[in-house]
K.L.:
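Here you go, one structure.
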Amino acid sequence: GEWKRYWKTDDAPLFPFFLGSQALYSTLEDYARFLEMYMDRGRVGKERLLKARTVKRTLRPGAHPMRGATGFPELEIGYGRQMVLYHGADEDGDPELVAFGHSGSDGTYAWAFPKERAMVLYFTQSRGTPTGLAVEERLGELLLGVPFDPIQLAPPLEEYLGYYWEGEGDRYRTILRDGDDLALEVLGKAVRPLTYIGDDRWKLLPGVVLEFDRSEAGEVTGYRIGDHQEFRFEPSSDLPTGDEIAERVAAAHRVHLLEGVGTIHVRSSIEMEKLGMSGTVESWLRWPDLWRVDEVIGDEFGRVSHDGRDVHYESRASGHSKLDGARATAAHEASLFARFGDWRAWASDVQVIQRIVAGDDVVLLVRAGDTSATAPTFYVDDRTGLVGRVDSMTFLENLGRIGQTTRFGDFEEVEGAMIPHRTQTELAHPLIGPIVTRIAEVAVGVDLAEGHFTLGD
């Protein structure tokens, strides 16, 4: 009787659209029976509750296509009558229903696999969670026998490395090596590892695939992520060379003039308005490559330094350690000498990638590094040679590698060198907000204790 009251209809099936506490079912068992009824073509036991034609209409793609990601390998997503459908292809290439179900706004998922006579219910009560896609990847392997990440030999990675954009005026993206793997670098945002899944297709995120395009000659010409498409390009031949722009930047900032003035001590304020936090930053600089930065915000502190050979880090949470690999590289690239000195002293390659015109301003995008790893991109004023911005990667405790955009302003001379007195950093994290530092005081020729640049006592 309850099943009849809930589900029986002549044409349009009822469906618990919100898979949560307000749904028509009251237990997981009830909902499993609901899915089972559709697998049994409208029957519950020996009693028919829905007409066969109603079930057929429900499990057939409707007039409105559904766009979305799925972690099921080799399946396409569609929408029937209030039911999400997952289709493969039969031996003749025609669509074949493999699974169906639905999801809810609070992280609830349900899948039915008619051929396997299996149902999976995954309820998280966590709004906006993407973990359902990861569950689909595992279900594809467990129930369909097709792992999402088949072990295959990828083509030579060199075929994919390079620069990509949507078109003239769009800032570039990079396909690069990330250790032994391939990755997509988005300026100031993230580096997304790519996992090969065959036929020029690489998994970008759970349920999201990046697929490369090739010319008739077999050369990689771009890539697609769903309906989004980007094209491979080479920097224009009329751009300045890397050597030319590196020399212009070094001449504009003149940090080489700090040689012979001893140690410079810079005291700054730091504001994190969105988090309601503030503190102080103290920096010590000694030409050509000794530096240390101490940040104190409330009861927390962080210190990073370079003693001419190694990068050291210290915080309340982690204590003192010597950094290596990508973390050491990122810290060194963020130092004043690296950002405003001669990039050729530390970068594997310097290349001007783009010229961007914004009103009366012309800005050159310069990559201090090649496609063998991540690298910072500097925004250089084509008229003055001053660096106004850099997009790069950094490392944060508990967050790991994260993109950041840093803008420089209020340039003033310090012993002849042009140094920004205002810096604003925006991390690729929506909860942190802008981080603004302002120089308050500069002292030249200060004395330091032994071991200061190795974070000694």
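This is a predicted model, so every value here is computed, not measured.
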K.L.:
Taking all atoms of both residues into account, what is the closest heavy-atom pair of Gly88 and Val98, and its distance?
P.N.:
N-CG2, 3.7 Å

K.L.:
Is a donor on one side and an acceptor on the other found under 3.5 Å between the side chain of His102 and the backbone of Val84?
P.N.:
no

K.L.:
If you measure from the Lys or Arg side-chain nitrogens to the Asp or Glu carboxylate oxygens, is any gap between Arg248 and Asp381 under 4.0 Å?
P.N.:
no

K.L.:
How close do Val387 and Phe411 get, counting heavy atoms only, and between which atoms?
P.N.:
O-CZ, 3.2 Å

K.L.:
Are side-chain heavy atoms of Pro240 and Arg355 found at a separation under 4.5 Å?
P.N.:
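A side-chain contact under 4.5 Å exists here.
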
K.L.:
With distance as the sole criterion, is a donor-acceptor pair present between the side chains of Asp243 and Thr241 under 3.5 Å?
P.N.:
no

K.L.:
Assess whether atom CD of Glu159 is packed by more than 12 heavy atoms of other residues, nucleotides or ligands within 6.0 Å.
P.N.:
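Yes - once you tally the heavy atoms of other residues, nucleotides and ligands closer than 6.0 Å, there are more than 12.
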
K.L.:
Closer than 3.5 angstrom, by distance alone: can the side chain of His265 be matched with the main-chain N or O of Thr263 as a donor-acceptor pair?
P.N.:
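Not confirmed, His265 side chain does not pair with Thr263 backbone.
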
K.L.:
More than 12 heavy atoms of other residues, nucleotides or ligands under 6.0 Å from CD of Glu273: yes or no?
P.N.:
no

K.L.:
I'd like to know if the side chain of Thr174 reaches the main chain of Leu176, judged simply by a donor and an acceptor atom lying under 3.5 Å from each other, with no hydrogens or angles considered.
P.N.:
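Side chain of Thr174 to backbone of Leu176, a donor-acceptor pair under 3.5 Å: no, none is there.
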
K.L.:
Give a yes or no on this: more than 12 heavy atoms of other residues, nucleotides or ligands lie within 6.0 Å of atom CZ of Arg316.
P.N.:
yes

K.L.:
Relative to the ring of Phe72, is the ring of Tyr86 parallel (under 30°), tilted (30 to 60°) or perpendicular (over 60°)?
P.N.:
perpendicular

K.L.:
I'd like to know if Asp199 and Arg201 make a salt bridge, using a cut-off of under 4.0 Å between side-chain N and carboxylate O.
P.N.:
no

K.L.:
Can we say Glu137 and Lys203 salt-bridge, meaning some charged N sits less than 4.0 Å from an Asp/Glu carboxylate O?
P.N.:
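Looking at Lys203 together with Glu137, the answer is yes, because their closest N to O distance falls below 4.0 Å.
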
K.L.:
Would you check, one step at a time, whether the test side chain to side chain contact (heavy atoms under 4.5 Å, CB included) holds for His256 with Arg254?
P.N.:
CA-CA 5 Å; His256 63 279; Arg254 306 187 295 275; 4.0 Å; yes

K.L.:
Could you grab the distance from atom OH of Tyr164 to atom CG of Leu210, nearest 0.5 Å is fine?
P.N.:
8.5 Å

K.L.:
Are Arg422 and Glu412 within salt-bridge range, i.e. N to O under 4.0 Å?
P.N.:
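No, this pair does not count.
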
K.L.:
Less than 4.5 Å apart, side chain to side chain, heavy atoms only: is that true for Trp202 and Val209?
P.N.:
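Not touching, per the 4.5 Å side-chain cut-off.
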
K.L.:
Mind listing the closest non-hydrogen atom pair of Ala347 and Gly369 along with its distance?
P.N.:
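Looking at all heavy atoms of both residues, the closest pair is CB-N, 4.4 Å.
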
K.L.:
Hey, does Phe408 have a side-chain heavy atom less than 4.5 Å from the side chain of Arg339?
P.N.:
yes

K.L.:
Check step by step if side chain to side chain contact (heavy atoms under 4.5 Å, CB included) holds for Tyr160 and Arg232.
P.N.:
CA-CA 9 Å; Tyr160 304 104; Arg232 193 174 190 175; 6.0 Å; no

K.L.:
Is the backbone of His452 close enough, under 3.5 Å, to the side chain of Arg292 for a donor and an acceptor to pair up by distance?
P.N.:
yes

K.L.:
With ring centroids as reference points, do Phe453 and Trp284 lie under 6.0 angstrom apart?
P.N.:
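Distance test on ring centres: not under 6.0 Å, no.
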
K.L.:
Flag the pair Trp346 / Asp289 as yes when at least one side-chain heavy-atom distance between them is below 4.5 Å, and no otherwise.
P.N.:
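In short, these two side chains do not touch, never coming nearer than 4.5 Å.
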
K.L.:
Taking the six-membered ring of Phe301 as reference, does the cationic atom of Arg303 (NZ for Lys, CZ for Arg) lie under 6.0 Å from its centre and within 45° of its axis?
P.N.:
yes

K.L.:
Flag the pair Glu185 and Arg367 as a salt bridge only when some basic side-chain nitrogen lies within less than 4.0 angstrom of an acidic carboxylate oxygen.
P.N.:
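Salt bridge: yes.
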
K.L.:
Report the distance from atom CG of Leu258 to atom NE2 of His253, rounding to the nearest 0.5 Å.
P.N.:
12.5 Å

K.L.:
Does the distance from a Lys or Arg side-chain N to an Asp or Glu carboxylate O, for Lys322 and Asp324, drop under 4.0 Å?
P.N.:
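So Lys322 does not pair with Asp324 through a salt bridge.
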
K.L.:
What's the spacing between Arg177 CZ and Ser372 OG if we round to 0.5 Å?
P.N.:
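Between Arg177 CZ and Ser372 OG, I get 9.0 Å after rounding to 0.5 Å.
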
K.L.:
Between Gln354 and Trp165, is there a side-chain heavy-atom distance shorter than 4.5 Å?
P.N.:
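Yes, at least one pair of side-chain atoms sits under 4.5 Å.
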
K.L.:
Could you go through the side chain to side chain contact (heavy atoms under 4.5 Å, CB included) check for His228 and Glu166 one step at a time?
P.N.:
CA-CA 9 Å; His228 180 76; Glu166 294 181 48; 3.3 Å; yes

K.L.:
Are a donor atom and an acceptor atom from the side chains of His312 and Asp307 found within less than 3.5 Å of each other?
P.N.:
yes

K.L.:
Nearest heavy-atom pair of Ala375 and Ala368: which atoms, and what distance?
P.N.:
CB-O, 3.5 Å

K.L.:
Assess the side chains of Tyr196 and Asp181: does a donor N or O sit below 3.5 Å from an acceptor N or O?
P.N.:
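Per modelled atom types, Tyr196 and Asp181 side chains form no pair under 3.5 Å.
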
K.L.:
Taking atom CG as the centre, does Asp299 end up with more than 12 heavy-atom neighbours from other residues, nucleotides or ligands that are less than 6.0 angstrom away?
P.N.:
no

K.L.:
Verify, without hydrogens or angle tests, whether Asp92 (side chain) and Asp94 (backbone) share a donor-acceptor contact under 3.5 angstrom.
P.N.:
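It does not hold such a pair.
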
K.L.:
Can you tell me how the ring of Trp291 sits relative to the ring of His306, calling it parallel under 30°, perpendicular over 60° and tilted otherwise?
P.N.:
parallel

K.L.:
What's the spacing between Met83 CE and Leu85 CG if we round to 0.5 Å?
P.N.:
7.5 Å

K.L.:
Do Leu184 and Tyr223 make a side-chain contact, defined as non-hydrogen atoms from C-beta onward lying under 4.5 Å apart?
P.N.:
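They are in side-chain contact.
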
K.L.:
Taking atom OG1 of Thr405 and atom CG of Leu187, what is their separation to the nearest 0.5 Å?
P.N.:
8.0 Å

K.L.:
Would you give me the side-chain donor-acceptor pairs under 3.5 Å for residues 426-443, sequence neighbours excluded?
P.N.:
{"from": "Glu426", "atom 1": "OE2", "to": "Arg407", "atom 2": "NH1", "distance (Å)": "3.3"}
{"from": "Glu426", "atom 1": "OE2", "to": "Gln424", "atom 2": "NE2", "distance (Å)": "3.0"}
{"from": "His429", "atom 1": "ND1", "to": "Leu431", "atom 2": "N", "distance (Å)": "3.2"}

K.L.:
To the nearest 0.5 Å, tell me how far Arg389 CZ sits from Thr425 OG1.
P.N.:
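These two atoms lie 11.5 Å from each other.
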
K.L.:
Got a sec: does the CD of Glu234 have more than 12 other heavy atoms crowding it under 6.0 Å?
P.N.:
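Open.
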
K.L.:
Find out whether Ile175 and Thr371 are in side-chain contact, i.e. whether some heavy atom of one side chain is under 4.5 Å from a heavy atom of the other.
P.N.:
no

K.L.:
Please report the C-alpha distance between Ile353 and Phe233 in whole Å, then the side-chain angles of each, then the deciding distance to 0.1 Å, and finally whether the side chain to side chain contact (heavy atoms under 4.5 Å, CB included) criterion is met.
P.N.:
CA-CA 10 Å; Ile353 307 297; Phe233 74 97; 3.9 Å; yes

K.L.:
Does Arg192 CZ have over 12 foreign heavy atoms under 6.0 Å away?
P.N.:
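12 or below, so no.
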
K.L.:
Hey, does Ile402 have a side-chain heavy atom less than 4.5 Å from the side chain of Thr394?
P.N.:
yes

K.L.:
Considering all heavy atoms of both residues, which atom of Arg344 and which atom of Ala246 are nearest to each other, and what is their separation?
P.N.:
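Where Arg344 meets Ala246 most closely, the heavy atoms are NE-CB, 3.8 Å.
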
K.L.:
Distance alone, cut at 3.5 Å: any donor-acceptor contact between the side chains of Tyr109 and Glu136?
P.N.:
no

K.L.:
Locate the shortest heavy-atom distance separating Pro376 from Val390; write the atom from each residue and the value.
P.N.:
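Smallest interatomic distance, heavy atoms only, reads CB-CG2, 3.8 Å.
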
K.L.:
Strictly below 4.0 Å, N to O, side chains only: are Arg224 and Asp213 in salt-bridge contact?
P.N.:
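Judged by the 4.0 Å cut-off on N to carboxylate O distance, Arg224 and Asp213 do form a salt bridge.
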
K.L.:
Does atom NZ of Lys115 have more than 12 heavy-atom neighbours from other groups under 6.0 Å away?
P.N.:
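Counting neighbours around NZ of Lys115, 12 or fewer heavy atoms of other residues, nucleotides or ligands fall under 6.0 Å, so no.
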
